[in-house]
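So the structure is just underneath, and the comments pick up after that.
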Amino acid sequence: MSLGKAAGSVLKKNFFRILKLLINFWLILFTFMVVALIIGKYSEAFPGGLSAFFLNLTLLSNSYNGAWWYIQTYVILVLLTPSLFKIVKRSFNSTVNVFWFDLSD
């Protein structure tokens with residue numbers, strides 16, 4: 001990704017990237033819940049109740065599957081990417097300017 005891209009296109013691309021991931025996440029979550037309901041394990045379909053279900057659905061908790069911890073981290077990093085690129089670009093430019101100034105003395 002180029003650092004010079006328009007912010008709107010980067011945000012739009014990141015939004016669709018997150019949405020695509022969440023759709024797959026939700027499909028897996030609902031598939032396992034439906035399977036638990038079909039085989040009669042009602043307590044395993046919603047472990048922890050509806051509040052735990054909604055927390056897992058919105059990535060605020062990973063109590064259903066501890067291996068899903070990275071999804072919340074990934075979403076946060078994708079949302080922060082434009083800001084992080086700006087900070088890195090600004091830091092890199094100031095570092096190069098300081099280095100170049102020292103060389104010219």
Side-chain angles (χ1 to χ4, degrees):
M1 177 177 358
S2 172
L3 293 177
K5 280 190 176 180
S9 66
V10 172
L11 291 175
K12 185 176 179 182
K13 188 175 185 178
N14 286 347
F15 172 76
F16 285 113
R17 180 177 286 147
I18 292 170
L19 184 63
K20 189 170 128 178
L21 173 72
L22 287 177
I23 289 171
N24 288 316
F25 172 75
W26 292 329
L27 283 173
I28 293 167
L29 181 66
F30 287 123
T31 300
F32 280 99
M33 295 182 86
V34 168
V35 168
L37 288 172
I38 289 173
I39 62 174
K41 304 221 176 195
Y42 301 108
S43 63
E44 291 182 22
F46 292 101
L50 285 177
S51 62
F53 169 73
F54 284 113
L55 288 173
N56 280 279
L57 185 71
T58 57
L59 302 179
L60 295 174
S61 174
N62 61 353
S63 63
Y64 283 1
N65 186 349
W68 289 343
W69 67 267
Y70 66 90
I71 294 176
Q72 181 187 38
T73 305
Y74 174 79
V75 169
I76 291 169
L77 286 174
V78 168
L79 291 173
L80 291 176
T81 297
S83 300
L84 292 174
F85 277 160
K86 286 179 186 176
I87 292 169
V88 168
K89 186 177 178 183
R90 190 177 315 131
S91 297
F92 179 75
N93 285 340
S94 64
T95 304
V96 169
N97 289 339
V98 168
F99 181 72
W100 184 255
F101 181 73
D102 286 342
L103 285 177
S104 62
D105 284 343

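Every value quoted in this text rests on a predicted model; they were computed, and no experiment measured them.
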Q: Please check if Phe54 and Met33 belong to a single hydrophobic cluster, counting links between Ile, Leu, Val, Met, Phe, Trp and Tyr side chain heavy atoms closer than 4.5 Å.
A: yes

Q) If two hydrophobic side chains count as joined below 4.5 Å and joins carry through other members, does Leu50 share a cluster with Tyr64? A) yes

Q. Can you find a pair of side-chain heavy atoms, one from Leu79 and one from Ile18, that are under 4.5 Å apart?
A. yes

Please list every donor-acceptor pair under 3.5 Å in which a side-chain atom of residues 20-29 meets a protein atom from a residue at least two apart or in another chain.
| unit_1 | atom_1 | unit_2 | atom_2 | d |
| --- | --- | --- | --- | --- |
| Asn24 | ND2 | Lys20 | O | 3.1 |
| Trp26 | NE1 | Leu57 | O | 2.9 |

Just distance, no hydrogens or angles: give the donor-acceptor pairs under 3.5 Å from side chains in residues 71-78, sequence neighbours left out.
| unit_1 | atom_1 | unit_2 | atom_2 | d |
| --- | --- | --- | --- | --- |
| Gln72 | NE2 | Leu59 | O | 3.2 |

Q) Shared ILVMFWY cluster between Phe32 and Phe30, side chains joined below 4.5 angstrom? A) yes

Q: Please list all pairs passing the side chain to side chain donor-acceptor pair (under 3.5 Å) test where one or both residues lie in residues 45-59, with sequence neighbours left out.
A: Asn56-Ser63

